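Model, not experiment: these values are computed from the prediction. Start at 1 and go down the list; that is how both ligands and their atoms are numbered.
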Amino acid sequence: MEELKAEINTDNLPRHIAVIMDGNGRWAKQHGKPRVFGHQSGVKAVRETTEAAAELGIEYLTLYAFSTENWNRPKFEVNALMALLVETIRKEVKTLNKNNIRLAAIGDLDKLPGKSQKALQKAIEDTAGNDRMTLVLALNYSAKWEIMNAVKSLAKEVEAGKLNADELDETDFADALATKGMPDPELLIRTSGETRISNFLLWQIAYSELYFTPTFWPDFRKDDLYKAILDYQNRERRFGKISEQLSKG
Ligand code: FPP
């Protein structure tokens with residue numbers, strides 16, 4: 001474990017890592033257990049990944065915990081997921097504070113059950129003073145929702161004469177997104193072997209390196225995060241330029 005970590009170049013860390021945590025259900029099936037057991041087991045992976053990211057000095061870690069499409073799952077599973085989220089958030093506040101980690105959330109939070117909203121709000125307030133890393137939970141999130149929301153708020157400002165449509169730029173748009181103020185993720189990880197984006201951070205991942213691993217989320221550990229970061233560090237990020245134009249060092 002320490003060997004892999006030692007290989008990481010701390011001068012070239014992604015500032016923001018986003019994760020699509022996938023494969024809880026398949027992991028549970030493999031173990032002959034109900035799907036909800038997979039989600040419960042995923043909490044350990046959340047803890048390990050958060051701890052590893054903070055220890056390394058990552059500034060933002062965004063986890064896709066519940067998508068707007070997840071409401072279509074059987075009611076029992078949705079309720080269990082919501083309960084698990086509330087319970088986990090409540091339980092982990094102490095650890096977040098001990099580790100100086102701030103909690104934040106992106107998504108259509110007003111549509112979450114009242115209990116979830118309250119637990120989330122409280123945890124966000126209780127950790128607001130922490131500044132080592134921000135853990136962002138994407139809850140009832142979808143990128144198309146976020147983009148539509150941004151379009152509506154900008155349209156209203158144009159309508160009100162506060163903005164000029166012809167002068168709108170990328171910064172105005174980025175500032176209307178839920179991720180306002182956060183750097184775009186340089187690295188996006190998806191577990192469980194699926195190679196889709198599934199409506200996650202579409203604007204923000206324009207230049208992200210994408211990393212896919214067959215590991216199911218409940219099995220994801222610190223070493224798996226280190227491997228993803230090492231893979232990222234071994235790629236050349238060109239942003240449309242050719243190799244020779246990149247300043248070395
Ligand atoms: C995807 O696996 C996982 C989810 C939809 C939920 C993730 C939630 C947790 C790990 C619970 C705790 C999280 C936090 C942040 C407190 P899947 O159900 O889509 O798996 P499958 O594709 O194998 O069916």
Closer than 4.0 angstrom, basic N to acidic O: yes or no for [X] and [Y]?
X	Y	answer
Glu48	Lys222	no
Arg132	Glu55	no
Asp22	Arg190	yes
Lys111	Asp108	yes
Asp223	Lys227	no

Are side-chain N/O atoms of [X] and [Y] paired as donor and acceptor at under 3.5 Å?
X	Y	value
Glu87	Gln40	no
Asn99	Glu51	no
Asn140	Trp71	yes
Glu77	His39	yes

Ligand-side contact atoms (ligand 1) for residue partner [X], heavy atom cut-off under 4.0 Å:
X	answer
Arg26	21 (P), 22 (O), 23 (O)
Leu84	11 (C)
Asn70	5 (C)
Leu137	15 (C)

Looking at ligand 1, does any of its N/O atoms fall within less than 3.5 Å of an N/O of Leu81? no

Would you check the N or O atoms of Asp22, main chain and side chain alike, for any that come under 3.5 Å of an N or O of ligand 1? yes

Provide, to 0.1 Å, the distance between [atom] and the closest protein heavy atom, together with that atom's residue and name.
atom	result
atom 1 (C) of ligand 1	Met21 O, 3.0 Å
atom 18 (O) of ligand 1	Arg73 NH1, 2.8 Å
atom 12 (C) of ligand 1	Val43 CG2, 3.8 Å
atom 6 (C) of ligand 1	Ala65 O, 3.4 Å
atom 10 (C) of ligand 1	Asn24 ND2, 3.7 Å

Check [X] against ligand 1 and report side chain, backbone, both or neither, counting heavy atoms closer than 4.0 Å.
X	result
Leu85	side chain
Thr88	side chain
Gln40	neither

Is there a heavy atom in [X] that sits closer than 4.0 Å to ligand 1?
X	answer
Ser192	no
Arg35	yes
Lys29	no

Can you tell me how the ring of Phe200 sits relative to the ring of Tyr141, calling it parallel under 30°, perpendicular over 60° and tilted otherwise? perpendicular

Trp217 and Phe220 aromatic ring geometry - parallel, tilted or perpendicular at 30°/60° bounds: parallel

